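Heads up: the structure comes next, in structure tokens.
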2 protein chains.
Amino acid sequence: MTLHAVTACRPGGPVLPSDGTGCTLQPLPHRSFRLGRHGWLGSWQATTVERTLPHVLRHVLDGEAFTNLARLTGESDAPFTGMLFTDSDVYKTLEAVAWAAHDLPAGDERLEQAERLVDLLQRAQDPDGYLNSRVQGDPGVPRWSDPQWGHELYTAGHLFQAAVAAARCDVLPRLVDVATRNADLVLDALGDEENPHVDGHPEVETALVELYRATGHRAYLDFARRQLDRRGHRWLGESHFGSGYFQDDVPLREATRATGHAVRQLYLLAGAVDVAVETGDAELLAYAVRIWDDLAASKTYLSGVHGSRHRDESIGDPYELPPDRAYAETCAAIAAFQLAWRLLLATGEARYADAMETTLHNAIAVSTSTDGTAFFYSNPLHLRSGHDGTHEDAPSQRLPWFTCACCPPNLARLLTSIHDYCLTTSAAGVQVHHPSAGSAVLDLHGGHAVRLDVTTEYPLDGAVAIRVETATDAPWELALRVPGWCTNWSLTVDGERVDATAPDGYARLRRSWRGGHEVLLHLDAPARTVSPHPRVDAVRGCVALARGPLLFALEEADLPEGVVLEDVRLVGLADDGSGTRPGVRIRAVVETSSQPGELYTSTPGTGRTSAPFDVDLVPYHRWGNRRPGAMRVWIPTAS
Amino acid sequence: MTLHAVTACRPGGPVLPSDGTGCTLQPLPHRSFRLGRHGWLGSWQATTVERTLPHVLRHVLDGEAFTNLARLTGESDAPFTGMLFTDSDVYKTLEAVAWAAHDLPAGDERLEQAERLVDLLQRAQDPDGYLNSRVQGDPGVPRWSDPQWGHELYTAGHLFQAAVAAARCDVLPRLVDVATRNADLVLDALGDEENPHVDGHPEVETALVELYRATGHRAYLDFARRQLDRRGHRWLGESHFGSGYFQDDVPLREATRATGHAVRQLYLLAGAVDVAVETGDAELLAYAVRIWDDLAASKTYLSGVHGSRHRDESIGDPYELPPDRAYAETCAAIAAFQLAWRLLLATGEARYADAMETTLHNAIAVSTSTDGTAFFYSNPLHLRSGHDGTHEDAPSQRLPWFTCACCPPNLARLLTSIHDYCLTTSAAGVQVHHPSAGSAVLDLHGGHAVRLDVTTEYPLDGAVAIRVETATDAPWELALRVPGWCTNWSLTVDGERVDATAPDGYARLRRSWRGGHEVLLHLDAPARTVSPHPRVDAVRGCVALARGPLLFALEEADLPEGVVLEDVRLVGLADDGSGTRPGVRIRAVVETSSQPGELYTSTPGTGRTSAPFDVDLVPYHRWGNRRPGAMRVWIPTAS
């Protein structure tokens, strides 16, 4: 077995394509862009580091994720409990600590807790590199003997991703050793060309590519590619949910539709993009784009997440997008965001950045309470009046933790690195995909140093001010994304109007930026209605309200006493939509049935309609932070 | 242990309240009403006896239901496989054979197969009466140690019901011995007043009451009552789905809403009505009526079935009635029918007969293919274009059998006894609830013999002719149900118009019927549209089409080539609705999105609308008998 020392790992964030790939865009080094803590993203990241991360660490250290490993070293005599993949909670948490480490003072408790976890992993790991508390703790279970449900490679993948984060952030150095020892064992055991083994839950593919990028060990990349090409031959067997659940029913290169378990599908696609860009595999990239197109055309919630079914956490049929029974798992939203980022880097196309924005500010943001310590596992767009909130997958309020605790640590690892997803560079210059208050210091192609200071309340407001400073005369392009939702915008440089267009979704300013210059992008963001495709039966006759990238929701707490949410009908926006108000206020009426006791009737008649009244909506991501109660994003229009 | 011989069991059908209960109506003896085999119900029953019953017997005898029992006697060395309650498939099948036995010639293979199964049961039963192949076959599992999921009393309940059917039909005599030995053991083990044991799946309650009715052994009734009153104290524990899943969260007498697993809820209610009428417990009957009202008000599909959720087979929130993801389990439809029958007997109220009719002709009828050998487990009201039909709980076509095979034998036992649900008697006379071609010979209160010959194509046609023959002068009342869907009807006796009304849902003719008389009820049944309550979000802007009690559906096979079902909009009925056509023909247009590639838009514009075209709908219960394809009951109206 060969160990692959990480001596020269570039200081990147998540997803760091190798030099010389065909990627259109390159991410910045980790922490090149530092968020201002009072901006929207900066504030969210600060809450994550200060509230969510300690909360997650405490649950991991005090719970089964810890004891399942500690029993291997004799430090716990508790039996194995919980999901088969509780180790992955540890790994995702360590990844989050690694991304956050720059901001933590030496000796910080979070770093110490992370070191304690790494220490435990190192001691729990078998001498040959194997590490999986479920399998090691039960001598009756052979390694890799339950590919459908065992999650062994899935769990290993999260170990690799944590190690990559540690390497790129230059912390928790022993974690890289644990990971590469494990990865090398996996390759020894399963890497043979003829071996058909794949894991029921994709994840290891993208992780292996990242581990290759961090170590330079090509065998990891080759194994990732083989994992992708082994899939789709029904080797995993049928299971209760069929081969499609695992995306094992059709070879990737032949697949035409998004299918099965949403997180599995999205992680698999992420791995495919990673392999495609590292190996120049245009066919594989085309597969990912094709499936992404299928998702975008008929299988995406307005909040930017996929997966309508609770039964098997699956994507569902085309246009099957019920708002009340949306599964819309938090991890699926995170996975969609990560996938779109990979596609953005590969292609430079604005639609992927648009999708990231929708998902981040809605489906991901709604998952977490304002205080950062309570979470939704599923993220419906309608909570019905009279909802029975006793199931943890469809509660009436966010919960501190879950039987399957995959989402909270996944949120932590995403938000601690969220700044890495805002800007990119290319041969042409700098691209601003997600305007966020903060400062970037970066080196352009050619070695020119540039500083960008971004001042904005975005997404709450459409004004984005960017101060550009550089010492070089050489011209380069500053590209500012103009979101797809924006139909009216303007741009000034040093106070002078620039007559720019954005035919491909980016307003591009190519010039010499020597000295300091002020760029002001104004995105007009009036409240607007959004209508669904007429095939989305579940929200027929409804519109949603949005402002900029933010969805808004009608919450029971804001309704007049005694009004049932499902009786409210939208008359229109209550103001003139000019964009002066920061929120959304609607005019509504209450329409009640002419036969309130009858569920069905052949003589419907006309119900009673109340006098109109005005009501403020809340940003969708803020709902459920007051008392429990009904909520809806899609509001029926008045008859 | 005392054995309770069944020496004088009355020859009834399913549900036979004891003499002297407060029941308003009394069922007829089994086979007092014999269906004509060319009528709607008679034809269905014939298909059941001739096609479904052999199909079910073959699957039971050739499958795990048999081998799981045969391994107890050494006749099989296969391991236990399948659901924990495969014995119940055997019991439901035996019940079906018992109800059908009158029509089977001596030496018929179905009777021989049933005798073979009874023989196996007798030999598999432990000396003390215990019988459960799952528990007996695994010495490590104590009896009744898994009340949440073990289904031991549920399975026993189906044994008792099979034995009751055998006793009432005077066949399979050894089955009564097996059942009473088992029931007495259950009472010995769990019957103590202080014992909190209840089963996760209700069923034994109604079965024990029936076994009490068949044997006269009061202890069975008392134990059934105790089972009901033990429930609701969270003794079963939380489970993954919560206590409400088992209806164990609230004591019955305090419960206000239908909750949890639909079949569990409905079987529990059936047991409550049975205990209530046998013990004169008005509070318990009020509980059942209250929960039934809750179901009827907001938790019932238009097809007459309950249960919207696949995840936990549960009822769902108020007005949560998605047509495409309707779970609408076949067994839930059967249970709803059985519950409504019990409430009809108890109260005499027409609304329960109306509900039975809706459920029978739609939710139950749709479950089975026209040839009687393929079945739906779940019964959606919309199968989407592009549906992924690879899951057996949401296939694109009916399947011959299921991993959980509860539904096919349940259909068999219902349809072999379906004639028993059509007519009742009371002190006043005879009630015709479900007009079906056939002949009844019955004894009225007072001992007067009456013969009724019913000629009708109902529900395909609204004309019901009844020839009444009796030798007695004494007046008595012939009550004919006028269905709730019917707004225009007429009645003649011997050709003369009768000026009858039906304020409570029954047209009542009280007179002397001496000699022979011809009664003709004409129910006007034009095609009509049905609208949902405005809170049913999932079908907003849609109507359904019905004719008499039959729902109709738009099936892809009937659409012009290339038209996507979800693009079709209803303009109106294609004929004048006068009721001359036997089916339903609609006028429709195809409306396509102005932005077909966009799932959501803020500038919806106006899509293209095709020229109108006419299309025939199929009766909902007939859909899916041609090639696989999309279907919908709820059709959006044209804009």
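Fair warning: this is a prediction, and the values are worked out from it, not measured in the lab. Order of the sequence lines sets the chain letters (A, B, ...), proteins ahead of strands, with each chain counted from 1. Atoms considered below: every heavy atom in the structure, side chains included; atoms not considered: hydrogens, waters and symmetry mates.
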Carboxylate-amine/guanidinium proximity below 4.0 Å for B:Arg632 and B:Asp324: no
Electrostatic pair A:Arg608:A:Asp567 at N-O distance under 4.0 angstrom: no
Chain A contacts, top residue of B:Pro532, B:Gly242, B:Gly607 (heavy-atom pairs, under 4.5 Å): B:Pro532
Closest-packed option against chain A by number of heavy-atom pairs under 4.5 Å, given B:Arg257, B:Glu238, B:His240: B:Arg257
Contacting region of A:Asp537 [heavy-atom separation from chain B under 4.5 Å]: both
Side chain to side chain, B:Ser239 and B:Phe246, heavy atoms closer than 4.5 Å: yes
Pairwise side-chain contact, A:His261 with A:Phe241, heavy-atom cut-off 4.5 Å (strictly under): no
Portion of A:Asp312 that has a non-hydrogen atom of chain B nearer than 4.5 angstrom: side chain
Which portion of A:Val539 sits near chain B, non-hydrogen atoms under 4.5 angstrom: neither
Stepwise salt bridge (charged side-chain N to carboxylate O under 4.0 Å, His left out) check, A:Lys299 with A:Asp294: CA-CA 7 Å; A:Lys299 298 168 181 171; A:Asp294 182 54; 2.7 Å; yes
B:Ser378 side chain to B:Ala328 backbone, donor-acceptor under 3.5 Å: no
Flag side-chain contact, heavy atom, 4.5 Å: B:Val305 against B:Tyr327: no
Chain A contacts, top residue of B:Ser314, B:Pro534, B:Gly386 (heavy-atom pairs, under 4.5 Å): B:Pro534
Side-chain (A:Asp317) to main-chain (B:Asp388) donor-acceptor, under 3.5 angstrom: yes
Partner chain A: residue of B:His310, B:Glu392, B:Glu320 with the largest heavy-atom pair count (under 4.5 Å): B:Glu320
Partner chain B: residue of A:Ala394, A:Ser531, A:Pro323, A:Pro596 with the largest heavy-atom pair count (under 4.5 Å): A:Ser531
Chain B contact via A:Glu598 - side chain, backbone, both or neither, heavy atoms under 4.5 Å: backbone
Side chain to side chain, B:Arg325 and B:Ser308, heavy atoms closer than 4.5 Å: no
Chain B contacts, top residue of A:Ser593, A:Ala538, A:Gly541 (heavy-atom pairs, under 4.5 Å): A:Ser593
A:Thr259, part contacting chain B, at a heavy-atom distance under 4.5 Å: side chain
Best-contacting candidate, A:Thr390, A:Val543, A:Val564, A:Thr403, against chain B by heavy atom pairs under 4.5 angstrom: A:Val564
Any donor-acceptor N/O pair, B:Glu556 side chain to B:Gly629 backbone, under 3.5 Å: no
Region of A:Asp293 that comes under 4.5 Å of a non-hydrogen atom in chain B: neither
Residue among B:Gly597, B:Gly316, B:Pro318 with most heavy-atom pairs under 4.5 Å to chain A: B:Pro318
A:Ala296 portion near chain B, given a 4.5 angstrom heavy-atom threshold: backbone
B:Leu302 side chain near B:Trp634 side chain, heavy-atom distance below 4.5 Å: yes
Atom group of A:Trp485 that falls short of 4.5 Å from chain B, counting heavy atoms: neither
Sub-4.5 Å side-chain heavy-atom contact between A:Met631 and A:Leu554: no
N/O donor-acceptor pair under 3.5 Å between A:Arg528 side chain and A:Gly548 backbone: yes
Residue selection (most heavy-atom pairs with chain B, distance under 4.5 Å) from A:Cys542, A:Ala297, A:Ala546, A:Ser594: A:Ala297
Part of A:His387 lying under 4.5 Å from any heavy atom of chain B: both
Proximal component of A:Tyr245, with respect to chain B [non-hydrogen, under 4.5 Å]: neither
Max heavy-atom pair count under 4.5 Å with chain A, selected residue of B:Gln595, B:His391, B:Glu566: B:His391
Which portion of A:Leu565 sits near chain B, non-hydrogen atoms under 4.5 angstrom: neither
